[in-house]
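Contents: one structure, followed by commentary.
Proteins get letters first, then strands, A, B, ... in listed order; numbering begins at 1 in each. None of the values given here were measured: they were computed from a predicted structure. Just so it is clear, the values below take in all heavy atoms, side chains as well, and ignore hydrogens, waters and symmetry mates.
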2 protein chains.
Amino acid sequence: MYRDLNERSRKILEAIIEDFIATGEPVGSRTVTRRHHLGISPATVRNVMADLEEAGFLYSPHTSAGRVPTEKGYRFYVDTMIEVRDLSFNLRKAIEDSFSMGGLGLEDRLKRAGQVLSATSSYAGLVSYPSFEATVFRHIEFVKLSSKKILAVLVSQSGNVQNKVVEVQKPISKGELEKITNFLNSKLTGLPLCEVKGLIVKEMKEEKALYDSLLQQAFELSREVFESQTEGTVFVEGASNILDLPEFADLECMKRLFRTFEQKNLLVDLLEKCRSAEGTHVFIGSEFDSCGLEGCSLVTSSYVSKSGISGTLGILGPSRMTYSVVIPIVAHTARQISRFLDAD
Amino acid sequence: MYRDLNERSRKILEAIIEDFIATGEPVGSRTVTRRHHLGISPATVRNVMADLEEAGFLYSPHTSAGRVPTEKGYRFYVDTMIEVRDLSFNLRKAIEDSFSMGGLGLEDRLKRAGQVLSATSSYAGLVSYPSFEATVFRHIEFVKLSSKKILAVLVSQSGNVQNKVVEVQKPISKGELEKITNFLNSKLTGLPLCEVKGLIVKEMKEEKALYDSLLQQAFELSREVFESQTEGTVFVEGASNILDLPEFADLECMKRLFRTFEQKNLLVDLLEKCRSAEGTHVFIGSEFDSCGLEGCSLVTSSYVSKSGISGTLGILGPSRMTYSVVIPIVAHTARQISRFLDAD
DNA sequence: CTTAGCACTCAAGCTTCCAGAGTGCTAACG
DNA sequence: CGTTAGCACTCTGGAAGCTTGAGTGCTAAG
């Protein structure tokens with residue numbers, strides 16, 4: 001596919017992309033020769049640029065502007081040219097410091113991770129809350145709110161808490177509730193949540209025959225609790241960092257961004273889709289389903305704990321992104337979260 | 001203060017403000033006479049307008065534009081001219097319908113309230129989470145996460161849940177933890193949370209002398225839990241509604257708004273400050289400390305349950321807001337939330 | 001006191017113009 | 001034959017000037 005690109009063309013493409021990333025302005029042939037000493041004249045560069053445009057790596061906004069990378073151009077750059085540098089001492093320190101503070105719960109921790117992503121990259125940081133489904137049951141607790149309303153508090157192995165108000169048909173006494181609690185805790189502890197659901201449905205069918213009303217109530221209750229666990233939270237930090245970039249200095253663009261960031265569920269889906277892959281990944285422009293995020297790129301990485309909790313984090317910025325800096329930031333932050341989760 | 005305003009001046013001021021609210025364009029003398037049949041000529045209107053400008057109710061953006069209301073103008077309008085209409089059938093229905101759906105927890109309920117505020121007004125809806133401080137203790141539960149990490153789950157009378165991970169110095173056994181749980185629950189149930197804090201500090205001093213290590217641990221633990229309850233969540237819905245208003249069709253304005261909406265804690269504080277007052281209140285422009293919300297008005301109302309839970313909700317929009325519609329929407333929504341809270 | 005008339009002002013939109021940056025092509029050069 | 005200098009051409013963006021329309025303030029007459 002790229003066989004036509006000789007060394008010189010690659011050098012020139014790289015120069016153009018890096019200049020554009022740095023300045024945001026279309027890059028002309030003269031600029032290339034001035035800033036990078038390639039030992040060739042602007043005219044030669046022009047010839048090569050015409051070829052690169054032909055090949056789909058560049059395009060010109062209009063005849064008398066310089067060239068700008070296309071998505072294909074960025075993709076080629078990211079895949080074959082980037083040298084992922086080590087994190088600078090300062091960045092590494094910034095990330096690790098944000099994890100050294102003790103006594104924070106999972107939620108605060110993830111939020112901080114988002115903040116550090118945003119602060120170190122100066123783009124927007126996204127961190128998804130681990131899917132509750134994937135976690136392991138540790139403890140359930142019922143608190144009676146009124147005669148027919150019961151609050152269920154569900155705790156996962158990782159200390160993640162979810163709660164839900166359940167309305168029951170006939171009142172359950174405090175004693176019964178306690179028995180149900182003990183029964184469920186002894187029965188379910190240590191099971192992955194996804195299995196818990198199946199188990200309950202199965203047991204309900206079997207127990208039906210036994211007519212043990214307490215057990216029946218227990219299952220009825222837990223079915224309600226596990227049935228509709230709210231999924232999907234995402235922390236977005238530093239979205240306003242993106243505002244000052246020249247590529248979004250336009251009313252319509254900005255409205256679009258604003259609207260997209262308002263719909264958290266879009267972002268949840270976005271990160272969810274990126275979860276599958278291991279390692280750090282770069283999605284450029286239309287490579288991800290970017291409703292309202294045209295002209296953006298997303299660098300993601302997943303975090304996973306030994307106990308199976310997993311989620312995704314990433315940095316969202318313009319396609320004109322300093323990939324070589326952002327990629328190690330994302331990778332390192334994901335590693336730190338994983339480590340934190342295992343530390344329990 | 002307003003003694004100089006005769007009936008005619010008031011009529012003209014009202015006409016100007018209502019026209020401006022409707023169109024967003026500065027209102028000229030000719031427009032006033034055309035749209036409202038006051039039986040006077042544009043020249044007369046001009047004279048009156050000059051007086052109104054003198055008095056600080058109006059100003060002109062420049063000599064050859066019409067007049068625009070000042071904050072003082074809006075204030076006068078809201079205080080003395082507005083007739084708060086009853087809610088139209090449709091609006092009332094929309095609000096009540098959003099409360100008729102059963103089985104939602106407090107959080108979802110408040111979020112929905114925000115959505116309905118935003119949808120019915122087409123501005124932004126804000127709803128603050130009730131202050132945990134003001135609620136009544138119902139139940140505490142400890143779950144051991146690891147030898148030194150304990151998850152505390154705190155439930156208020158209203159079914160509001162907060163949780164916190166606490167790190168302890170020396171390991172606590174499961175049995176001890178259970179005793180502590182029982183002890184605290186029997187001791188604290190029914191107390192307002194603000195009193196709980198004081199109580200714990202007091203008891204800790206007294207118990208110190210007794211050297212009962214279990215009790216000491218109990219208090220130590222609960223002190224940590226109650227010490228730093230995270231306060232302040234606010235649901236912001238439909239912020240992007242504001243984007244299409246002509247008064248914010250400007251890059252700088254929009255960035256400011258974006259940044260302000262990103263800092264939820266600012267909005268929390270804002271609503272918190274408005275909580276004190278009972279009934280529905282209108283804050284115009286600089287009347288509230290609107291960091292980044294210049295040119296906006298805020299209509300708020302507090303919701304209170306019999307059990308003492310309270311919070312604030314409101315609609316944030318441009319100062320050029322359809323107050324006569326927004327005020328009853330806010331008032332009715334607050335009533336509905338209060339009713340819902342009491343229904344437990 | 002009200003109003004018609006008039007001169008004046010100002011913003012916004014339009015055209016025109018110019019400078020600057022960059023291109024593509026061609027012809028000369030090593 | 002690849003490379004380069006030169007040149008004509010194109011296009012954007014900003015500045016300057018012009019026009020239009022809406023609206024005002026003032027004055028003098030009703």
Side-chain angles (χ1 to χ4, degrees), chain A residues 4-13 15-17 19-20 22-70 73 246-247 249-251, chain B residues 4-13 15-17 19-20 22-70 73 246-247 249-251:
Chain A
D4 293 341
L5 281 198
N6 57 26
E7 190 52 27
R8 194 176 64 180
S9 305
R10 292 170 48 90
K11 274 260 157 56
I12 291 177
L13 180 57
I16 293 173
I17 295 182
D19 269 22
F20 184 71
T23 67
E25 305 275 292
V27 185
S29 53
R30 184 169 227 124
T31 322
V32 172
T33 57
R34 242 202 313 252
R35 277 208 267 257
H36 309 258
H37 305 286
L38 303 173
I40 48 180
S41 76
T44 312
V45 173
R46 277 204 288 280
N47 288 331
V48 176
M49 279 164 113
D51 297 345
L52 289 170
E53 179 157 10
E54 183 87 9
F57 295 111
L58 299 176
Y59 85 105
S60 10
H62 55 86
T63 58
S64 81
R67 299 303 210 294
V68 168
T70 59
E247 43 261 77
D250 164 80
L251 272 182
Chain B
D4 293 341
L5 281 198
N6 56 27
E7 190 54 25
R8 193 177 63 180
S9 307
R10 293 170 46 93
K11 273 259 157 53
I12 291 177
L13 179 57
I16 293 173
I17 293 183
D19 268 22
F20 184 71
T23 68
E25 305 275 293
V27 184
S29 53
R30 186 170 223 125
T31 322
V32 172
T33 57
R34 242 203 312 254
R35 278 209 267 258
H36 309 257
H37 305 284
L38 302 173
I40 48 179
S41 76
T44 312
V45 173
R46 277 206 288 282
N47 288 331
V48 176
M49 279 164 113
D51 296 347
L52 289 170
E53 179 158 8
E54 183 87 10
F57 295 110
L58 297 177
Y59 84 104
S60 9
H62 55 87
T63 58
S64 81
R67 298 305 210 293
V68 167
T70 60
E247 42 262 77
D250 166 77
L251 271 183

Atom-pair distance (CG on B:Leu52; C1' on D:dG23), nearest Å:
17 Å
Is the shortest heavy-atom distance from the side chain of A:Arg35 to the side chain of A:Thr23 under 4.5 Å?
yes
Which of C:dA4, C:dG20, D:dT4 is nearest the side chain of A:Ile40? It is D:dT4
Tell me the interatomic distance from A:Arg35, atom CZ, to C:dA21, atom P, rounded to whole angstroms.
13 Å
Less than 4.5 Å apart, side chain to side chain, heavy atoms only: is that true for B:Ile16 and B:Met49?
yes
At 4.0 Å (heavy atoms only), tell me whether A:Thr33 reaches a base, stays on the sugar-phosphate, or touches nothing.
nothing
Shortest side-chain distance from B:His62, nucleotide among C:dA11, D:dT24, D:dT3:
C:dA11
Closest to the side chain of B:Arg46, out of D:dT4, D:dC11, C:dC6, is C:dC6
Phosphate OP1/OP2 of D:dT24 contacted by B:Thr63 side-chain N/O (<4.0 Å):
no
Would you mind reading off the distance between A:Arg34 atom CZ and C:dG22 atom P, rounded to a whole angstrom?
8 Å
From the list D:dT24, D:dT12, D:dT4, which nucleotide is the closest neighbour of the side chain of A:Thr44?
D:dT4
Among the candidates C:dT23, D:dA5, C:dA11, find the nucleotide nearest to the side-chain atoms of A:Met49.
C:dT23
When rounded to whole Å, the CD to P distance for the pair B:Glu25 and C:dA11 reads 15 Å
Quick one: are B:Ile40 and B:Arg8 in side-chain contact, heavy atoms under 4.5 Å?
yes
For the pair A:Asp19 and A:Val32, evaluate side chain to side chain contact (heavy atoms under 4.5 Å, CB included) and give the outcome as yes or no after the intermediate values.
CA-CA 8 Å; A:Asp19 269 22; A:Val32 172; 5.5 Å; no
Interatomic distance, B:Asp250 CG vs C:dA12 P [rounded to whole Å]
12 Å
Looking at every non-hydrogen atom in both residues, tell me the closest pair between A:Gly66 and A:Ser60 and how far apart they are.
O-CB, 3.6 Å
A:Ala43 side chain, from C-beta outward: closest of C:dT23, C:dA4, D:dA5
D:dA5
By the 4.0 Å heavy-atom rule, please label B:Ser29 as base, sugar-phosphate, or nothing.
sugar-phosphate
Report the distance from atom CZ of B:Arg67 to atom C1' of C:dC10, rounded to the nearest whole Å.
14 Å
Euclidean distance, atom CZ of residue B:Arg30 to atom P of D:dG21 [Å, nearest integer]
13 Å
Closest-nucleotide ordering on DNA chain C, the 5'-leading residue of A:Thr31 and A:Asn47:
A:Thr31
So, is B:Ser64 near the phosphate of C:dC10, with a side-chain N or O under 4.0 Å from OP1 or OP2?
no
Could you state the OH-C1' distance from A:Tyr59 to C:dT23, rounded to the nearest angstrom?
16 Å
